[in-house]
Amino acid sequence: MFVTKALFASPRESQRSYYDASMVQGKSMIRARRPFVVKNALTGLAIVGFTAAVYTYTIRAVAQDNFEDVKVPDAPVQSAKASSQITSGLLSK
Amino acid sequence: MASLQATSKRCITQLLRPRRQWPAAALARSQHTHSRKPPTHVDIEVAKAAAATAPQKPVHIPREIGPGVLEGEAPRVLLRPNNLFHAWDKSPSSQIRERASRIKHHAYCPHPEHKNSPRHIKFTCPDCGIPTYCSEEHWADDYENHLLICDALRESNEDEHDLRSGRFFPEFEYPGEQIEEQLINMTNWDTYLYTRGANAIDEDRQMRQVTKLLTYPITLASVVHELSPYDLRHRLTTEGLRSMAALRYNLHPPASGSGQDVKSVRINPPPVRLFILGARAESSLPRDVWYQLAYLFPRATFHLIFIGPESMKGREAEYPLPERTPDNPFGAVLERPSYRMKISTFVEYFHTLHEAHAFAPYDPYFDCFMLFHPGLGHPGSAAEWEYTLPILLDTKSPIICTGYTETDLKRDVDWVHNKCKGEFDVLLEPEENRFKSLRWDINDADPTDLSQSNWGLWAFRGKRYEATVPPPHTINP
């Protein structure tokens with residue numbers, strides 16, 4: 001008696017009508033999203049923040065250790081003659 | 001380019017589309033029924049006699065020969081979007097000029113000087129184009145009060161002309177079938193239309209035009225649907241949840257495994273009955289507007305019953321009413337828009353039909369009463385409801401009511417509280433309706449009285465009393 005299903009816009013057609021030719025959201029899309037904008041933004045911030053926190057911790061955990069505070073003793077000083085002749089032990093003269 | 005291809009394909013489908021009733025014509029014709037109830041009592045016998053004994057010539061239902069133009073009417077002037085503002089007494093549309101003269105005949109100047117000597121309206125405000133005062137001096141004098149409503153009046157003026165402008169109305173292509181898994185969000189009009197898969201309605205004017213019609217089925221659906229925005233934390237009372245849970249048992253029945261072949265034939269329950277009492281403009285709404293209810297409840301079947309002395313207003317083309325036969329003892333007009341909805345229209349008072357047991361028995365699991373702007377407390381119509389209300393409370397089915405404005409709603413609530421003290425439970429707290437019409441309507445009897453269809457919403461039901469008191473529990477030692 002009235003319009004049949006074939007004459008209604010297909011779901012793809014009606015979804016595309018919410019964006020203009022350059023895929024920018026139309027006014028009705030923005031209005032439909034308005035009750036959820038703030039909650040979605042906070043959720044997005046929370047997810048990204050969690051990811052960032054995991055990255056930060058991991059990179060810090062596997063970074064090279066910092067030994068600036070440990071005093072390395074100086075290398076021992078040796079004279080040229082004394083070092084080439086063996087003065088003690090089985091092979092000494 | 002892809003967009004050009006899509007456009008031309010759409011053009012072709014438009015051309016191949018079969019001619020159908022443009023809703024603009026229905027809207028334009030039903031305008032006069034949005035004035036408030038007249039103070040005189042509608043004589044039901046006269047109305048019935050007029051309907052039954054109309055001349056017996058073959059009924060000629062005028063065809064649409066153009067967008068919004070019926071056969072035999074002068075072709076309408078096409079108005080461009082920047083040419084929608086016209087003073088009503090100089091409007092290009094004859095219907096609007098008629099309304100302007102009606103306002104000038106019936107309405108009185110609102111200036112406080114006229115307390116004892118009311119004067120009819122003669123002067124049209126140049127800013128909004130609506131006749132509002134008796135003279136320019138009174139208009140200038142009362143300017144601050146008029147400024148409060150001037151913008152809304154102008155908007156309503158332009159909307160009226162827009163309806164008759166002969167433009168293409170893409171917003172009146174309502175969404176179609178909804179697969180069950182695709183949930184509907186009923187927070188507001190925008191989320192509802194988006195989740196229903198309607199085409200995008202960007203302009204405010206288009207939103208106003210479409211919500212004016214859709215408010216009737218969607219207000220009802222917003223209360224009874226399982227995804228309703230009204231829950232225990234938002235306006236629904238415990239008693240309301242009980243009533244709604246009962247109705248939802250049949251509005252959202254579990255899948256029964258039914259199919260097309262003999263082995264999967266299942267017994268179907270009777271349809272959910274929605275009684276729309278005091279129907280006026282609602283009964284002449286295009287049927288695809290009412291069929292939106294069937295799309296919202298995919299497994300339910302509906303029987304919409306329009307009852308009221310003025311239920312055939314705007315449907316004079318369907319006269320004379322059917323013969324009164326034993327199968328149809330009240331001469332109801334029966335329609336089946338499609339396979340899941342049946343619409344009956346009775347030109348009778350509800351209490352007459354109830355006394356004749358036309359709809360007995362009532363079952364709160366199947367039945368719901370919907371009253372669109374009944375004017376329960378309105379002095380012009382309260383007397384007509386006094387007899388019907390106790391019957392409605394007796395059925396124990398939910399009674400959902402709306403109101404034009406906040407004062408109208410409050411007046412109705414107070415009237416019910418006074419008349420049925422302690423005999424009823426509130427199911428939904430009275431407040432603004434999320435799915436009210438966004439378009440402002442001008443009351444011809446008083447142009448300063450602006451209203452929006454179904455502005456306010458509330459529901460009540462007759463109180464149920466427990467017949468026996470359960471025995472007190474004793475703790476076994």
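Residue numbering restarts at 1 for every chain, and letters A, B, ... go by the order of the sequence lines. No hydrogens, no waters, no symmetry mates; every other heavy atom, side chains included, goes into these values.
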Exercise. What part of A:P35 gets closer than 4.5 Å to chain B, counting heavy atoms only: side chain, backbone, both or neither?
Worked result: side chain

For this session: Return yes if some donor-acceptor pair links the side-chain N/O of A:S17 with the main-chain N/O of B:A200 below 3.5 Å, else return no.
Result: yes

Exercise. Do the side chains of B:N185 and A:F36 get nearer than 4.5 Å, heavy atoms only?
Worked result: yes

Seminar exercise, completed: When rounded to the nearest 0.5 Å, the distance separating CD of A:Q15 from CG of B:N199 is 10.0 Å

Problem set entry | Over 12 non-hydrogen atoms of neighbours within 6.0 angstrom of CZ in A:R33 | no

Exercise. Can you tell me how far CH2 of B:W189 sits from CZ of A:R31, rounded to the nearest 0.5 angstrom?
Worked result: 12.5 Å

Exercise. Side chain of B:T191, backbone of A:A32: donor and acceptor closer than 3.5 Å?
Worked result: no

For this session: Indicate the atoms forming the closest heavy-atom contact of B:A198 with A:S14, along with that distance.
Result: O-CB, 4.0 Å

Problem set entry | Side-chain donor-acceptor contact under 3.5 Å, B:D202 with A:S28 | yes

For this session: Any chance you could measure A:K27, atom NZ, to B:I201, atom CD1, to the nearest 0.5 Å?
Result: 12.5 Å

